Amino acid sequence: GFCWHHALLADAIAPSGDTVRLRGLADTLAVGCAQSFFGRDRRLHHHVRGLLAMRQGRWIDAEAELQQARWGVAESWTRSNVALAKTEMALNQPRAALAALRDAYASPLDGMGRYQPRSELDLLMAQAFSKAGEADSARIYEAYVRRAWRDADPELKRLLAQTPDAN
């Protein structure tokens, strides 16, 4: 529980930009979870280091860390896949982002994947397909999001409105 709870904490505070705390949590996870019975736990510090690198705009480092955070396709933490996809989009690698997002879809809804809503994966897929120049696929995923978020809270509708039109 120690490792997983600290990783969830780091994931929750990453958007705040508190890089000092993120660095401390990454170090705590690296040392405290190195001997964990769970292979996942031994990799969680890479997720946090990847988030830290993203916050600092060190995209190549973020990509390397987030790749190391993965421990399997169908058992990986979808939050790591999403962070990796966002990093690859920042590196102008939309096809790599699509691959990371497809791996996120492979995670079961009742497992680690429960932390990244499918509709958010759909939104990222629409953005990645759009950036890859595949407007037809982008429109399909955007339609999924529009249907899922039809009655969503205003903040989600604002997020959807910021998406480049796939037309």
Side-chain angles (χ1 to χ4, degrees), residues 1-134 137-138 141 145 159 163:
F2 172 87
C3 300
W4 188 235
H5 291 286
H6 280 75
L8 290 174
L9 174 62
D11 196 64
I13 66 165
S16 75
D18 188 347
T19 58
V20 172
R21 196 166 177 203
L22 278 178
R23 186 174 289 105
L25 285 165
D27 292 345
T28 297
L29 288 166
V31 173
C33 304
Q35 301 300 317
S36 174
F37 176 75
F38 298 103
R40 168 200 76 190
D41 291 353
R42 294 188 297 269
R43 293 176 177 254
L44 289 173
H45 69 99
H46 291 295
H47 174 82
V48 180
R49 290 189 199 290
L51 296 177
L52 177 62
M54 288 175 72
R55 294 296 309 171
Q56 295 172 332
R58 297 181 295 111
W59 300 109
I60 299 294
D61 294 338
E63 183 180 38
E65 290 291 347
L66 292 164
Q67 287 284 5
Q68 292 179 76
R70 300 165 65 172
W71 58 88
V73 173
E75 294 299 322
S76 210
W77 188 14
T78 54
R79 300 286 296 162
S80 293
N81 292 86
V82 165
L84 178 60
K86 288 178 178 180
T87 296
E88 290 169 332
M89 291 288 283
L91 290 169
N92 199 28
Q93 299 174 4
R95 299 218 182 277
L98 288 166
L101 291 167
R102 285 185 182 114
D103 288 349
Y105 281 110
S107 293
L109 288 172
D110 63 345
M112 303 284 289
R114 70 182 182 267
Y115 293 106
Q116 190 66 50
R118 293 297 198 236
S119 60
E120 291 178 23
L121 293 177
D122 291 339
L123 178 64
L124 292 167
M125 288 290 277
Q127 292 168 346
F129 273 121
S130 180
K131 194 167 188 173
E134 298 186 30
S137 295
Y141 280 93
V145 179
L159 182 63
T163 302

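Values below: every heavy atom of this structure, side chains too, minus hydrogens, waters and symmetry copies. Everything quoted here is computed from the prediction, not taken from an experiment.
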To the nearest 0.5 Å, tell me how far [X] [atom1] sits from [Y] [atom2].
{"X": "Glu88", "Y": "Trp59", "atom1": "CD", "atom2": "CH2", "answer": "11.5 Å"}
{"X": "Leu98", "Y": "Ser137", "atom1": "CG", "atom2": "OG", "answer": "8.5 Å"}
{"X": "Leu44", "Y": "Thr28", "atom1": "CG", "atom2": "OG1", "answer": "12.5 Å"}
{"X": "Leu29", "Y": "Arg42", "atom1": "CG", "atom2": "CZ", "answer": "13.5 Å"}
{"X": "Leu8", "Y": "Cys3", "atom1": "CG", "atom2": "SG", "answer": "11.0 Å"}
{"X": "Asp11", "Y": "Gln116", "atom1": "CG", "atom2": "CD", "answer": "8.5 Å"}

Taking 4.0 angstrom as the limit, do Arg95 and Glu134 come out as a salt bridge? yes

Shortest non-hydrogen contact from [X] to [Y]?
{"X": "Ser130", "Y": "Ala138", "result": "N-CB, 3.6 Å"}
{"X": "Gly50", "Y": "Ala62", "result": "O-CB, 3.6 Å"}
{"X": "Val48", "Y": "Ala10", "result": "CG2-CB, 3.5 Å"}
{"X": "Phe2", "Y": "Cys33", "result": "CD2-SG, 4.2 Å"}
{"X": "Ser80", "Y": "Ala69", "result": "OG-CB, 3.9 Å"}

Determine whether Glu120 and Leu159 satisfy the following criterion, side chain to side chain contact (heavy atoms under 4.5 Å, CB included), listing intermediate values before the conclusion. CA-CA 10 Å; Glu120 291 178 23; Leu159 182 63; 5.6 Å; no

Classify the ring geometry of Phe129 against Tyr141: parallel below 30°, tilted from 30° to 60°, perpendicular beyond 60°. parallel

Single hit among Met89, Arg70, Glu65 for side-chain contact (heavy atoms from CB on, under 4.5 Å) with Leu84: Arg70

Which one of Gln67, Met54, Arg58 satisfies the side-chain contact (heavy atoms from CB on, under 4.5 Å) criterion with Thr87? Met54

Cationic tip of Arg40 above Trp4 ring, under 6.0 Å, 45° of axis: yes

Could you walk me through whether Asp41 and Trp71 pass the side chain to side chain contact (heavy atoms under 4.5 Å, CB included) test, one step at a time? CA-CA 10 Å; Asp41 291 353; Trp71 58 88; over 6 Å; no

CZ of Phe38: more than 12 outside heavy atoms within 6.0 angstrom? no

Applying side chain to side chain contact (heavy atoms under 4.5 Å, CB included), run through Leu123 and Gln127 and close with a yes or a no. CA-CA 6 Å; Leu123 178 64; Gln127 292 168 346; 3.9 Å; yes

Side chain to side chain contact (heavy atoms under 4.5 Å, CB included) between Asp27 and Arg49, worked out: CA-CA 9 Å; Asp27 292 345; Arg49 290 189 199 290; 3.0 Å; yes

Does Asn81 reach the main-chain N or O of Leu101 with its side chain, forming a donor-acceptor pair under 3.5 Å? no

